[in-house]
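Below is one structure, written out as structure tokens; comments come after it.
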Amino acid sequence: MATTDYISVVGMIMMVIFFSSYVWADPDMLQDVCVANLASDITMNGFACKRDVSAHDFFFAGLANPRSTDNIYNATVTQVTVRNVTGLNTMGLSMSRIDFAPGGLNPPHFHPRASEIFIVIEGKLDVAFITTDYKLYSKSVKSGELFVFPRSLMHYQINNGKVPALALAVFNSQSPGIQRVATALFASSPSVPNHVLAKTFGIEIDEVKKIKSRLAPKI
Ligand code: GLV
Ligand code: MN
């Protein structure tokens, strides 16, 4: 897909989110801009506004290049949230770029504060989410197509193809949050007791220890 094509796809999705206030996940904005002052001592829902604002606060160049997928999942998520684009504060928007090597997996996770529109830019991905009544909704999604992951529902994507894949995701929150199931259970700090995990999954303590040692504390 040409760069201009995918920029217009993302643009359209941003517009839909902007004008669909009934699906708004974050509180509405009360002023034109409220660039986050991440250093402020004031704690509130979101971030306090900073005084000196520049175009730089609304800019991010970090999605331009492919990221290394050299990790245990062979997939890498690059997030663009209020934490790295402070101009997103109060806008109810964020996104991410996900690079997948062949066989790469964005492992089961959920976003407590946002629904997600997931657009495949290159390659093909097998994606799925699971509802609270444990139904799995899955689909193969190829370049130019998209899939929606409802807020807070567990989901994953895997590249079962032989070539790398690339996707963009858009969220209706400035800070959707991401909780990876395996990381939460096996790499929290302090850690979940081994016997709890052994009983939960019906496995031996040694197996629990093996899984814990494979997962870095924060992936
Ligand atoms: C994809 O599911 C993502 O959260 O980036
Ligand atoms: Mn996601």
Side-chain angles (χ1 to χ4, degrees), residues 1 6-7 9-14 16-17 20 23-26 60-85 88 91-132 134-161 164-185 187 215-216 218-219:
M1 197 185 218
Y6 89 68
I7 286 171
V9 170
V10 173
M12 267 162 35
I13 289 161
M14 294 283 193
V16 169
I17 291 175
S20 305
V23 292
W24 209 253
D26 287 358
F60 183 69
L63 290 191
N65 300 316
R67 292 276 309 279
S68 163
T69 49
D70 186 14
N71 55 54
I72 58 167
Y73 295 119
N74 304 120
T76 299
V77 178
T78 308
Q79 287 184 294
V80 184
T81 72
V82 67
R83 293 257 167 211
N84 47 7
V85 180
L88 284 171
M91 292 192 182
L93 280 174
S94 58
M95 65 181 295
S96 59
R97 166 189 176 124
I98 313 102
D99 291 277
F100 297 83
L105 168 72
N106 187 13
H109 66 276
F110 61 91
H111 309 284
R113 293 180 289 278
S115 297
E116 170 178 343
I117 296 179
F118 181 88
I119 312 142
V120 178
I121 306 300
E122 286 168 16
K124 193 171 91 169
L125 291 156
D126 294 325
V127 311
F129 69 82
I130 302 153
T131 59
T132 54
Y134 305 106
K135 267 198 191 139
L136 180 106
Y137 292 82
S138 64
K139 187 109 183 87
S140 274
V141 185
K142 63 178 188 318
S143 170
E145 298 177 342
L146 64 82
F147 199 72
V148 177
F149 299 110
R151 177 176 171 169
S152 291
L153 294 189
M154 200 184 301
H155 57 278
Y156 64 84
Q157 304 99 23
I158 185 159
N159 179 6
N160 286 317
L166 169 66
L168 294 176
V170 182
F171 304 91
N172 60 342
S173 170
Q174 66 178 24
S175 180
I178 175 164
Q179 189 159 46
R180 286 185 164 156
V181 181
T183 311
L185 289 175
L215 293 171
K218 282 204 173 59
I219 297 165

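The figures here come from the full heavy-atom set of this structure, side chains too, leaving out hydrogens, waters and symmetry mates. When a ligand or atom number is given, it counts from 1 through the structure's own listing order.
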Which atom names give the shortest non-hydrogen contact between V85 and F60, and what distance separates them? CG2-CB, 3.5 Å

Please report the C-alpha distance between R97 and L63 in whole Å, then the side-chain angles of each, then the deciding distance to 0.1 Å, and finally whether the side-chain contact (heavy atoms from CB on, under 4.5 Å) criterion is met. CA-CA 7 Å; R97 166 189 176 124; L63 290 191; 3.4 Å; yes

Parallel, tilted or perpendicular: which describes the rings of H109 and H155, with under 30° parallel and over 60° perpendicular? perpendicular

Near ligand 1, which residues have a heavy atom under 4.0 Å away from one of its atoms? V77, S96, I98, N106, H109, H111, E116, H155, Q157, F171

Sorted by chain and residue number, which protein N/O/S atoms are under 2.8 Å from the Mn ion (ligand 2)? H109 NE2, H111 NE2, E116 OE1, H155 NE2

If I take atom CG from residue L153 and atom CD1 from residue I130, how far apart are they, to the nearest 0.5 angstrom? 9.0 Å

Determine whether I119 and F147 make a side-chain contact, defined as any pair of heavy atoms from C-beta on separated by less than 4.5 Å. no

Straight-line distance of I158 CD1 to S138 OG, nearest 0.5 Å: 12.5 Å

Return yes when atom CZ of R113 has more than 12 non-hydrogen atoms of other residues, nucleotides or ligands closer than 6.0 Å, and no otherwise. yes

Assess the residue pair F129 and Y137 against the criterion (ring-ring contact (aromatic ring centres under 6.0 Å, His included)); give the C-alpha distance rounded to whole Å, side-chain angles, the decisive distance to 0.1 Å, and a yes or no. CA-CA 5 Å; F129 69 82; Y137 292 82; 5.2 Å; yes

Can you tell me how far apart CG (L168) and CG (L166) are? Round to the nearest 0.5 Å. 6.0 Å

